[in-house]
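Here is the structure we will look at.
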Amino acid sequence: MGLRQVAEADLAYTLEDPVCGGGWPITITAPDGTVGTLTGLSGDIGEVIDPDTGQAVSGRACHASLRKSTLLSTFGELPKAISDESQKPWVVEFTDIGGEAFLFKIIDQRPDRTLGIVSFTLTFYEDAN
Amino acid sequence: MPIDTLINKQDGFEQVRDRIALILRDESVNQQALAAAAGENPDLWKLRIGLERANPWNEFKDGDKTPIVNVWFDTDSAPRSRGNVIDEQAYTGTFNVDCYGCGQARDDGATGQIPGDEDSAKEAHRAARLCRNILMAAIYTQLDFPKGSLVESRWVTNRTSFPRELSYQAAQPVIAVRLAVEVVFRETAPQYTPETLEYVNVKVLERDLDGFLLNEVDFDYTT
């Protein structure tokens, strides 16, 4: 097994292990309603952002990173940003370290096809309920 | 010889800056009352007004998505043709009214979605609409200062939307629209303290009416 394949296999520990690794439960709902409860890395941090210059000011940056192979086996495709307003988005939900749950939609996806990780940029989302 | 009067009043640009913010705040409250009386949702006329804030959109993090308006003084100039070197100059100042809208991506209740970035732009545009209409209303031509006192006129010269950085995608989409408000106003400065001259009495008498006093003027002076 080559080194890259070893690295991809190690994602089971570094990305998807909630006990010994940094894995965190993440629920993803596809536009067709398919729900997948996965484990990956999630982040929700305050950040300094200036809407005028794009430089840091103040806001929240939220993201999730998951194993590409797991996403494909769960959904048959990679989640992505859906700009078309006539379609539902890919919805992501996870809790912060205090257990408070937040709902997001994917607004950007960045697959790393070298190591098999897909990172998602998230924005807050309200469902119809 | 130094200035012998204490400089303890606001300059014109400070008064104008504060007045713009006050007008927007009071009229937002007024519009909400009018909306409620008309059976409309008053929240659509609600604005949060800030003055000279460095980070006004920070308040969106508390969950309240009411548009935020930040009023701040940008620059002014005084052409020499409008004023004199002694006591009064006419300034033309630019006061920025930045209108921030925070969007919320959400389910549309049907088969699609409402994007958060589009929502934030529409919120900012709505706030800018309210602010422009308020400031350009006829009753605020002199920004509610008495005519001939401080403000000569006001004019919204520009309306600019801040471009959204493609590299930046926050969890809460925020976009802003800037109204550049140009105001012409007066500035004065401490003047000489006048000295009293020698007393002079002048009587103007009507010759043909046997000394009928037409006018008498007294001037106080000291040497």
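A note on names: the letters A, B, ... follow the listed sequences, proteins ahead of strands, and every chain is numbered from 1. In this text, all values refer to a predicted model and were calculated from it rather than measured experimentally.
Between B:Ala171 and A:Thr123, the shortest heavy-atom contact is O-OG1, 2.5 Å.
In this structure, A:Lys105 contributes its side chain and B:Arg106 its backbone to no donor-acceptor pair below 3.5 Å.
With contacts defined as side-chain heavy-atom distances shorter than 4.5 Å, the pair A:Asp127/B:Gln113 does not qualify.
Interface residue A:Asp84: only backbone heavy atoms are found under 4.5 Å from chain B. Heavy atoms of A:Leu103 lying under 4.5 Å from chain B are absent altogether.
The number of heavy-atom neighbours closer than 6.0 Å to NZ of B:Lys147, taken from other residues, nucleotides and ligands shown, is 12 or below. Within a 6.0 Å sphere centred on CZ of B:Arg48, other residues, nucleotides and ligands contribute more than 12 heavy atoms. Annotation: B:Lys46, atom NZ; neighbour count of heavy atoms from other residues, nucleotides and ligands within 6.0 Å does not exceed 12. No more than 12 heavy-atom neighbours from other residues, nucleotides or ligands sit within 6.0 angstrom of CG on A:Leu3.
At a heavy-atom separation below 4.5 angstrom, chain B is approached by no residue within residues 65-75 of chain A.
Here the straight-line distance linking atom CG of B:Asp107 with atom NZ of A:Lys88 works out to 3.0 Å at 0.5 Å rounding. Between the CZ atom of A:Phe124 and the CD atom of B:Gln172 there is a distance of 5.0 Å, given to the nearest 0.5 Å. One distance of note links CG of B:Asp108 with CD of A:Glu85; it measures 9.0 Å at 0.5 Å rounding.
Most heavy-atom pairs under 4.5 Å with chain A: of the set B:Gly116, B:Pro115, B:Gly103, this distinction falls to B:Pro115.
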